[in-house]
Number of protein chains: 2
Amino acid sequence: MAERDGARPRVTLKQVSELAGVSQSTVSRILNRRHSAVPIAAATRERVLRVIEELDYRPHPLARGLRGGGTALLGLIVREVADPFFAAAIEAIADESRRHGYSLVLGHARSSAREALVLAEVLETRHCDGAILLGDLRDEPRLWAELEGSELAVVAVCQGGRAPGIPTVDCDNRVGTVMALQHLHGLGHRRIAFLDAGWLGDVEERRLAYHAFMAERGLPVLEGYHQRLPGNHPDAGLSAFRALLELSSPPSAVFCATDQVALGVLAAAARAGLRVPADVSVVGFDDIPMARFAVPGLTTVRQPLRRMARLAVERLLGLIRSGAAPRSGPARRERLRPSLVVRGSTAAPGGGAGGAASRG
Amino acid sequence: MAERDGARPRVTLKQVSELAGVSQSTVSRILNRRHSAVPIAAATRERVLRVIEELDYRPHPLARGLRGGGTALLGLIVREVADPFFAAAIEAIADESRRHGYSLVLGHARSSAREALVLAEVLETRHCDGAILLGDLRDEPRLWAELEGSELAVVAVCQGGRAPGIPTVDCDNRVGTVMALQHLHGLGHRRIAFLDAGWLGDVEERRLAYHAFMAERGLPVLEGYHQRLPGNHPDAGLSAFRALLELSSPPSAVFCATDQVALGVLAAAARAGLRVPADVSVVGFDDIPMARFAVPGLTTVRQPLRRMARLAVERLLGLIRSGAAPRSGPARRERLRPSLVVRGSTAAPGGGAGGAASRG
DNA sequence: TTGAAAGCGGTACCAA
DNA sequence: TTGGTACCGCTTTCAA
């Protein structure tokens with residue numbers, strides 16, 4: 001009755017060694033067989049392994065980490081955990097990490113000086129063996145400062161802008177945008193509007209690509225055709241589409257920087273009594289799970305998420321294994337090719353009563 | 001050139017103490033002032049704090065945890081990270097945890113013996129000070145076995161079924177279901193179908209509540225009115241709704257166990273040329289972010305997620321502070337009251353050409 | 001082929 | 001009020 005009731009006090013390496021009648025070093029060696037420039041007697045190993053089994057012994061990760069063995073923990077810093085695209089990315093990264101024996105520590109990066117600090121603490125220490133930056137975090141100066149000074153292994157995913165000295169994995173937003181616009185253009189659309197999704201991340205590249213495409217083809221970007229949204233949310237897409245309808249010459253197609261925005265546009269169109277795609281075509285970007293189930297199904301550009309996750313994790317583990325991150329000079333940037341997914345939200349213009357312009 | 005280039009070798013407690021001319025104990029005490037049954041000279045504290053500042057010293061969490069100080073890490077075990085409802089829950093829990101200085105370690109629990117093991121390792125060790133189980137994990141025997149044997153502080157959220165000896169926070173699914181059905185009933189619906197969403201979690205309580213409600217009011221649950229779905233996904237809702245349309249007497253309203261399923265129903269209705277709510281009313285459950293932007297807006301039952309998260313984290317921290325979890329007997333179960341959110345997907349029956357029955 | 005022992009960075013108990 | 005010091009559980013030389 002002396003000890004806390006039901007407290008199974010944890011099996012230690014020492015106990016294993018004693019019960020097996022060997023030294024701790026021996027047990028440790030058997031556990032980490034990779035370091036075996038040292039041979040071990042088969043009989044000894046046998047015996048030790050049996051004891052380990054019997055006692056259901058598990059190495060203490062903290063102790064291990066403290067001594068320099070790594071923590072099997074990867075930090076994942078995300079701005080918006082609940083965003084459908086990022087949620088899917090988190091899932092993919094978590095799966096991929098686990099395939100390699102790592103768990104994720106979630107750093108939710110909602111802007112705020114104090115929070116960024118906490119986050120940095122999680123990172124900077126040896127708590128995590130490495131970290132993945134998911135999404136655009138350029139507006140987190142403390143984070144970058146912290147990263148700069150540390151030798152932590154870091155990889156960025158969907159970072160949008162370049163991260164100094166940090167290997168990056170993202171999809172080729174320019175190519176994706178061109179795919180979307182070519183699709184619309186091919187259907188006969190000329191009046192194509194663009195809704196961005198705030199200033200963050202990949203959105204910027206898509207915006208640039210839109211303007212480049214329109215200029216190249218000599219398509220007009222009328223006043224108001226490029227709507228600036230306050231953030232990446234259906235709400236924003238909804239309002240922006242309304243603004244589009246107020247224009248003297250509304251577009252016949254809308255290219256949205258993200259699916260989230262596009263879903264808002266679909267909602268707005270429905271509420272305005274417009275039919276998609278008869279009255280107006282809509283294209284998104286990302287191919288979030290919901291895109292398939294929108295009404296109508298959303299034509300969009302798919303990011304190869306699993307492959308991106310795999311690549312990011314592999315790069316990160318590579319960095320970890322190879323010692324530290326030589327955070328200097330331009331780092332490798334991996335750009336995966338997206339693909340166009342055509343669903344029901346796009347069609348040739350004029351299928352309805354003359355496009356969105358016919359409204360009112 | 002002896003050491004790795006750019007490796008800032010980490011400031012330790014010892015260095016601080018030496019530079020400040022005090023002992024390690026003193027520094028440690030100043031850092032953890034809560035344990036101060038011990039007074040400390042103001043001058044000393046001053047000096048030490050300055051050195052800490054100067055050296056930008058941060059305690060090593062691993063070392064701290066090893067000695068028993070806790071890791072400031074909470075394990076979060078989730079089945080489906082990318083599910084919109086759970087993603088929102090993760091966000092809420094992450095925010096709440098951070099308000100208390102804790103980070104989350106993500107355990108992605110997709111069923112698989114080996115994975116559950118890895119997960120258990122993360123938990124069982126002192127890696128995490130406690131853990132939150134999010135969603136139904138009853139089919140993870142290894143997890144429960146592990147939990148049983150450990151003294152880890154654990155709280156379950158949206159667990160659906162009871163978890164033996166584990167404090168639980170969820171919403172009152174029965175009340176929520178009744179709200180939804182009363183709403184439909186009040187609008188005049190009598191032929192109300194139910195789509196479950198697999199067998200997991202809260203769904204079961206909603207199913208029971210549906211049958212109870214229908215029986216009480218003497219409403220018929222015709223053959224096929226309760227569709228069993230393979231899982232919680234729009235896809236499943238889509239197929240199930242099609243099956244509903246095949247019935248000789250299709251329902252005038254559909255109550256879905258989750259919004260995910262309801263979104264699938266909305267898509268299916270649109271593809272079948274049915275108008276919602278004129279031809280058929282649809283109600284969901286959860287109020288995921290997308291529900292507002294569905295076409296039409298989805299009437300649904302909202303779970304008070306922030307409050308649930310707050311409660312869960314507080315309970316967990318309480319357990320952690322109070323020592324261990326006395327994993328025995330029935331534990332407290334907190335059921336929060338949901339609320340009905342009426343949007344455009346519900347209306348009195350017969351508004352269209354006679355309900356879904358009129359199809360074909 | 002194996003063992004002894006010195007840490008890793010802190011915390012906390014016991015003296016002074 | 002402070003300092004000394006024995007650990008926490010494991011890895012890793014260095015010897016034997």
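Computed from heavy atoms alone, side chains included, the values below leave out hydrogens, waters and symmetry copies. Proteins come first, then strands; the chains are lettered A, B, ... in the order of their sequence lines, and each starts at number 1.
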### Message
Taking side-chain hydrogen bond (donor to acceptor under 3.5 Å, both in side chains) as the definition, give me every residue that meets it alongside A:Q24, ordered by chain and number, with sequence neighbours left out.
### Response
none

### Query
What residues, two or more places apart in sequence or in another chain, satisfy salt bridge (Lys or Arg N to Asp or Glu O under 4.0 Å) together with B:R45?
none

## Note on the structure
Terminal axes of the helix from C:dT1-D:dA16 to C:dA16-D:dT1 (5 end pairs apiece), angle rounded to 10 degrees, sit apart by 40°

### Query
Who pairs with B:A88 by side chain to side chain contact (heavy atoms under 4.5 Å, CB included), at least two apart in sequence or on another chain?
B:L305

### Task
Rounded to the nearest angstrom, tell me the gap between atom CZ in B:R58 and atom P in C:dG10.
12 Å

### Query
When you measure from the side chain of B:A41, which nucleotide among C:dG9, D:dT2, D:dT12 comes out closest?
D:dT2

### Query
What integer distance in Å separates A:L13:CG from D:dT12:C1'?
13 Å

### Query
Taking CG from A:N32 and P from D:dT12, how many angstroms apart are they, rounded to a whole number?
7 Å

### Query
Does A:L19 have any side chain to side chain contact (heavy atoms under 4.5 Å, CB included) partners at least two apart in sequence or in another chain, and if so, which?
A:V51, A:E54, A:L55

Could you list all N or O pairs between the protein and nucleotides 3-5 of chain C that sit under 3.5 Å apart?
unit_1: C:dG3; atom_1: OP2; unit_2: A:S23; atom_2: N; d: 2.7
unit_1: C:dG3; atom_1: OP2; unit_2: A:S23; atom_2: OG; d: 3.2
unit_1: C:dG3; atom_1: OP2; unit_2: A:T26; atom_2: OG1; d: 2.7
unit_1: C:dG3; atom_1: O6; unit_2: A:R29; atom_2: NH2; d: 2.4
unit_1: C:dA4; atom_1: N7; unit_2: A:S25; atom_2: OG; d: 3.2
unit_1: C:dA4; atom_1: N6; unit_2: A:S25; atom_2: OG; d: 2.7

#### Entry: With sequence neighbours excluded, residues passing side chain to side chain contact (heavy atoms under 4.5 Å, CB included) with A:R307
A:P304, A:L336

### Message
Looking only at side-chain N and O atoms, does B:S28 offer a donor or acceptor that is under 3.5 Å from a partner on B:S25?
### Response
no

### Query
Can you list the residues that meet the side chain to side chain contact (heavy atoms under 4.5 Å, CB included) rule with B:A309, with sequence neighbours excluded?
B:A92, B:I93

### Task
Counting heavy atoms from C-beta on, name the nucleotide in D:dG9, D:dT11, C:dG9 closest to the side chain of B:R67.
C:dG9

### Task
Examine distances only and state if a side-chain atom of B:R79 and a backbone atom of B:D136 form a donor-acceptor pair shorter than 3.5 Å.
yes

### Query
Roughly, in whole Å, what's the span from NZ in B:K14 to P in D:dG4?
12 Å

### Task
Sequence neighbours left out, what passes side-chain hydrogen bond (donor to acceptor under 3.5 Å, both in side chains) with B:S17? Give chain and number order.
none

### Query
In whole Å, what is the span from the CZ atom of A:R64 to the C1' atom of C:dG9?
19 Å

### Message
Quick check for you: among C:dA6, C:dT11, C:dG9, whose closest atom lies nearest to any side-chain atom of B:L66?
### Response
C:dG9

### Integer-rounded Å distance: D:dT11 P and A:L62 CG
13 Å

### Query
Base, sugar-phosphate alone, or nothing: which one does B:I40 contact when heavy atoms must sit under 4.0 Å apart?
sugar-phosphate

